[in-house]
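Structure, as structure tokens:
Below, chains carry the letters A, B, ... as their sequence lines are ordered, and counting in each starts from 1.
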Amino acid sequence: MHGFLSYLNAHFHALRLEFWGLFIGGIGSGIIYAMVAIGYTMVYGVLRLINFAHSEIFMTGAFAGYFTLNYLIGSSSPTGFSSILLIIVGILAGGITGSFFAVVLERVAYRPLRIRKAPKIAYLISAIGASYFLLNLAAKEFGRIGRGIAQPYQNHTVFTIFGAPVEMYNIIIFVAAGIMLIIVDRLVSKTKLGRSIRSVAQDSETASLMGVDIDRTIAMTFVIGGFLGGAAGFLYALNVGVLYSMGFTPALKAFTAAVLGGIGNLRGAVIGGLILGVTESFTVVFFSGAYTDVVAFAILVLVLMFRPTGILGELIGRSA
Amino acid sequence: MANLFEVSNITLRFGGVVSLSNVSLYQKRGEILAVIGPNGAGKTSLFNSLTGVYQPQEGSITFNPKEGEPISIIGKKPHVISHTGVARTFQASRMFNALTTFENVKIGAESHKGIGAIGAILRGPATRKDEKYSDARTWDLLDFVGLRAKANYIASSLSYGERRRLEIARGLATNPEVLLLDEPAAGTNPSEKLELTDLIRKVRDQMGVSILLIEHDMKLVMSLAERLYVLNFGSVIAEGTPDEIRANQNVVDAYLGTTTAEGAN
Amino acid sequence: MNLPFIKKFSTKALIILISSELAAVVTGPPGNGDTPWVGFHDSITQKASFFGLFVTGRWALFYAIGIISYLAVHFFKKLNSNNSAMDSLRSQYSSVAKNKYFKLAAVLVIGVLAILLPTVITDPFWREAMVSQIAVFVLLALGLNVVVGFAGLLDLGFVAFYAVGAYATAWCTGALPMPPIFGSHVNPFFAIPIAIILAMVAGVILGIPTLRLRGDYLAIVTLGFGEIITLFANNLTGITGGAQGTKQVPHFSLHIGPLKYIWGLDPVPYYYLVIGFVILFIFIFYSLEHSRVGRAWTAIREDEVAAESLGINPLKYKVMAFAIGAASAGFAGVMTAAQSNFLTPATFTLALSINILVLVIFGGMGSIFGVVFGAIVIQTITMYLIHTPPAGYQPPDLYIYIGALLVIMMIFRPGGLFPARRRQRADVATSSLENSNG
């Protein structure tokens with residue numbers, strides 16, 4: 001008992017020392033989970049199904065950003081304005097590629113089933129198949145070893161908060177992800193497209209009677225979700241590089257975030273992502289690295305069992 | 001003798017939306033009771049509360065079986081409530097579409113026995129006797145509702161009227177004391193409606209099963225029910241015999257006027 | 001000019017072009033991460049023989065194959081829908097197939113063929129594959145079929161039960177760092193019931209919390225559980241031997257009185273042992289399907305709320321499906337452990353779970369015959385690709401085909417090659433209903 005207490009004590013001490021560092025790291029990964037989680041949550045809203053292949057959207061976005069930056073940067077080391085430009089280009093490359101694959105996925109793997117009014121299990125199987133296809137095709141075409149991305153900026157500590165360093169990478173993802181999340185929030189809550197997405201989420205039959213083009217709305221949902229997922233893949237890759245199987249774990253965590261925030265709920269997905277990122281970051285102090293993935297998964301199982309509607313509740317149709 | 005159902009002051013909410021507010025009602029044993037009201041008045045919510053699909057936040061529901069202690073319904077799971085002797089049908093018929101008419105009814109007839117996985121593999125005399133009994137009971141019920149000829153048809157190939165009768169047979173197969181019918185006449189044609197009315201009455205008269213019914217078709221309700229409750233916005237606004245309800249100005253204002261208009265559509 | 005016709009025609013031609021070039025890429029040479037287009041480029045432009053007639057680029061060859069297969073399918077469909085001779089042939093076939101004696105005879109013929117198979121197959125690669133890659137996978141597919149096909153539960157962590165069976169065998173025979181229950185010299189035959197029971201218990205333990213969840217949540221949670229089992233097997237070195245794997249698992253041996261037999265390195269005796277268990281499991285699963293239990297599973301799969309209103313406890317039946325499905329996976333685990341003598345966590349991956357799923361989907365969810373057929377066909381093809389790989393084929397490429405097959409099956413033939421009687425009826429029923437409503 002005493003041993004256990006001193007174990008806890010030592011670890012809490014470490015936690016106090018590294019609190020801000022871990023917190024900033026946690027927010028950083030959390031905001032990426034949030035971006036991916038929005039893709040899950042929006043698709044769930046309109047189709048009532050988990051887009052199992054979203055992890056591969058993330059992966060394709062990361063590879064697109066990787067190839068674009070490697071091509072543009074070559075062996076130079078950009079600074080200042082060109083850094084910013086390169087990051088924007090990378091985000092667009094990742095996002096557009098993500099959107100493209102998301103739309104193709106919807107068209108090929110989901111729409112035929114939707115037309116046939118197939119049971120849910122058929123969608124899940126089709127999604128898993130599509131995910132597996134993309135994953136292993138990427139492995140074949142791009143190799144099975146991880147690669148680092150050409151750095152568009154010099155990663156140095158910009159300033160410190162309570163002694164914790166805030167690096168350039170943190171600032172980039174906070175700003176980039178923050179802007180994208182705000183745009184999507186406005187898009188869904190204020191525009192005509194947003195209204196049709198919400199109406200389809202609420203009741204697709206009524207929406208179609210009211211003149212909403214269901215197919216187009218669903219496709220646009222995949223475009224938005226795919227853009228965020230692909231861009232998130234690029235931002236993630238800036239830090240850890242690319243690998244064909246890189247999507248699996250972040251996507252499982254993003255899904256956890258979506259459920260944690262209340263699936264179907266956009267702001268819930270963001271809050272869920274941040275909570276998950278920070279929680280996970282702090283658990284590193286207590287568990288060895290191999291088990292951090294288990295922590296996220298344990299959260300998923302617990303939330304699903306005890307509060308399946310998440311923190312903010314399922315807000316299908318009232319996405320904002 | 002105690003009433004079959006005793007519902008007192010139940011309130012059911014979904015988030016901020018109140019679906020049933022302070023509803024009290026009772027059903028006498030052997031009675032054909034109807035609950036009417038406009039769309040969204042909470043009728044199906046009431047059914048779902050009586051069968052354990054929804055759990056009201058306040059109030060109590062007591063079911064008094066012929067034998068044994070009164071049973072509190074709230075907090076029990078649907079399959080447990082089915083075992084106590086409450087059977088139901090659904091608004092949009094919910095058949096097991098992959099199974100035949102016969103198998104649909106047989107599932108009802110055998111669902112109250114144990115699982116019997118070992119028996120299913122070994123097929124001992126006890127299992128075979130059980131199967132024989134369930135088969136016989138299924139045939140009886142198919143005769144009763146007039147679906148013997150369609151025993152080997154896939155459930156979803158049946159007409160709306162046949163599906164309604166199948167659902168009634170399936171519910172009866174669980175050997176209930178009360179059968180809850182959720183809009184049994186929806187989607188049926190006039191002649192099927194007449195047959196259904198007779199069938200429902202026959203269920204009560206010949207099988208001694210009480211009937212609780214939700215229905216939009218006023219003609220059917222008024223000819224069938226012995227007593228009615230009227231729900232509007234989740235509350236009971238009237239109770240009485242068909243004649244009393246017809247004369248009740250509240251009901252006419254809140255409901256009857258609108259449904260006759262709807263019926264004309 | 002018929003514009004809509006041209007539009008429709010060109011759309012079709014484009015779709016065929018895209019899919020055949022995709023096929024060219026999938027089957028073509030691999031690329032690498034430095035030059036992203038090399039794999040795609042080579043796959044399309046490499047020279048290929050055009051059916052032995054002349055040499056052209058792969059893109060043309062694949063487009064030709066695409067068009068030919070489209071026309072073949074189209075022609076076959078036409079033939080099917082217009083030809084009354086086909087219809088009568090089919091109805092004759094189905095009335096014969098329904099005949100009880102015909103069924104019995106078919107089963108007997110297949111049984112005799114299965115028994116004679118080892119005399120035909122003498123190649124050591126195929127003798128080995130027959131047991132460890134085909135028969136064992138038939139068992140796994142049969143088990144997953146109970147879960148996915150009968151009860152309609154998508155379990156993506158099915159490999160966990162296989163792992164439990166295998167590691168339980170290693171444990172019983174003293175091949176784990178953890179001390180065995182009955183001492184290390186236990187007859188491996190005793191491992192069979194223990195492994196099966198432990199796998200079933202694992203099914204119950206995993207099932208009780210997860211089977212309350214909605215279908216899509218169940219899929220993702222089981223997927224996570226499958227991953228976690230691998231993670232633990234890798235990291236709990238003191239219990240499982242970690243990533244290094246187990247110590248030597250002994251072969252089966254039988255010592256009952258005067259009877260003494262040892263299963264050695266020759267796969268054939270294992271083959272007969274597995275076939276015996278395959279028959280046993282088929283019998284058990286078939287009996288269950290056609291009993292109260294099978295009907296309850298179908299009811300839950302079709303409409304859980306209605307099933308519950310009839311007094312069926314869904315959780316109980318779902319947990320049962322998990323446990324029963326786990327039983328055959330547990331036995332498959334015993335076979336793998338005893339025959340290969342060695343286990344590592346690397347065997348029990350998510351990829352394997354999906355591999356088993358594709359066997360079930362391809363053959364026909366819920367159809368025992370279909371699933372056995374699907375497992376034999378797909379595993380044989382897989383093994384053939386390993387045995388004599390075509391140019392440019394690497395073993396992990398298999399998963400590309402598996403992924404594509406899952407999507408294609410769901411789009412064009414969701415019931416599988418041999419749709420289950422009960423599922424086929426549901427499909428027919430919904431389509432006829434929609435027609436009458438429309």
Hey, could you give me the [atom1]/[atom2] distance between [X] and [Y], rounded to the nearest 0.5 Å?
X        : Y        : atom1 : atom2 : value
B/Asn97  : C/Thr298 : CG    : OG1   : 12.0 Å
C/Glu308 : B/Ile81  : CD    : CD1   : 9.5 Å
B/His83  : C/Asn313 : NE2   : CG    : 7.5 Å
B/Glu167 : C/Ser309 : CD    : OG    : 8.0 Å

Q) Relative to chain C, which segment of B/Thr174 carries a heavy atom at a distance below 4.5 Å: side chain, backbone, both, or neither? A) side chain

Q) Counting a contact as any heavy-atom pair under 4.5 Å apart, which residues of residues 127-136 of chain B contact chain C? A)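 Heavy-atom contacts from residues 127-136 of chain B to chain C are B/Asp130, B/Glu131.
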
**Q.** B/Phe144, CZ atom: more than 12 neighbouring heavy atoms under 6.0 Å
**A.** yes

Q. Okay, side chain of B/Ser111, backbone of C/Ile312: is any donor-acceptor separation there less than 3.5 Å?
A.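 The answer is no, because no donor-acceptor pair under 3.5 Å joins these two groups.
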
Q) Are the side chain of C/Glu302 and the backbone N or O of B/Met95 linked by a donor-acceptor pair below 3.5 Å? A)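 No; judged by distance alone, with no hydrogens or angles, the pair does not exist.
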
Q. Contact part of C/Phe283 toward chain B, heavy-atom cut-off under 4.5 Å: side chain, backbone, both or neither?
A.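 Only the side chain of C/Phe283 comes within 4.5 Å of chain B.
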
Exercise: identify the closest heavy-atom pair between [X] and [Y]:
X        : Y        : answer
B/Ile107 : C/Ala299 : CD1-CB, 3.7 Å
C/Ala306 : B/Arg94  : CB-O, 3.8 Å
B/Phe96  : C/Asp303 : CE2-O, 3.6 Å

Q: Return the set of residues passing side-chain contact (heavy atoms from CB on, under 4.5 Å) with B/Asp217 (not counting sequence neighbours), or none when no residue passes.
A: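 B/Asp217 satisfies side-chain contact (heavy atoms from CB on, under 4.5 Å) with B/Lys193, B/Glu215, B/Lys219, B/Leu220 only.
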
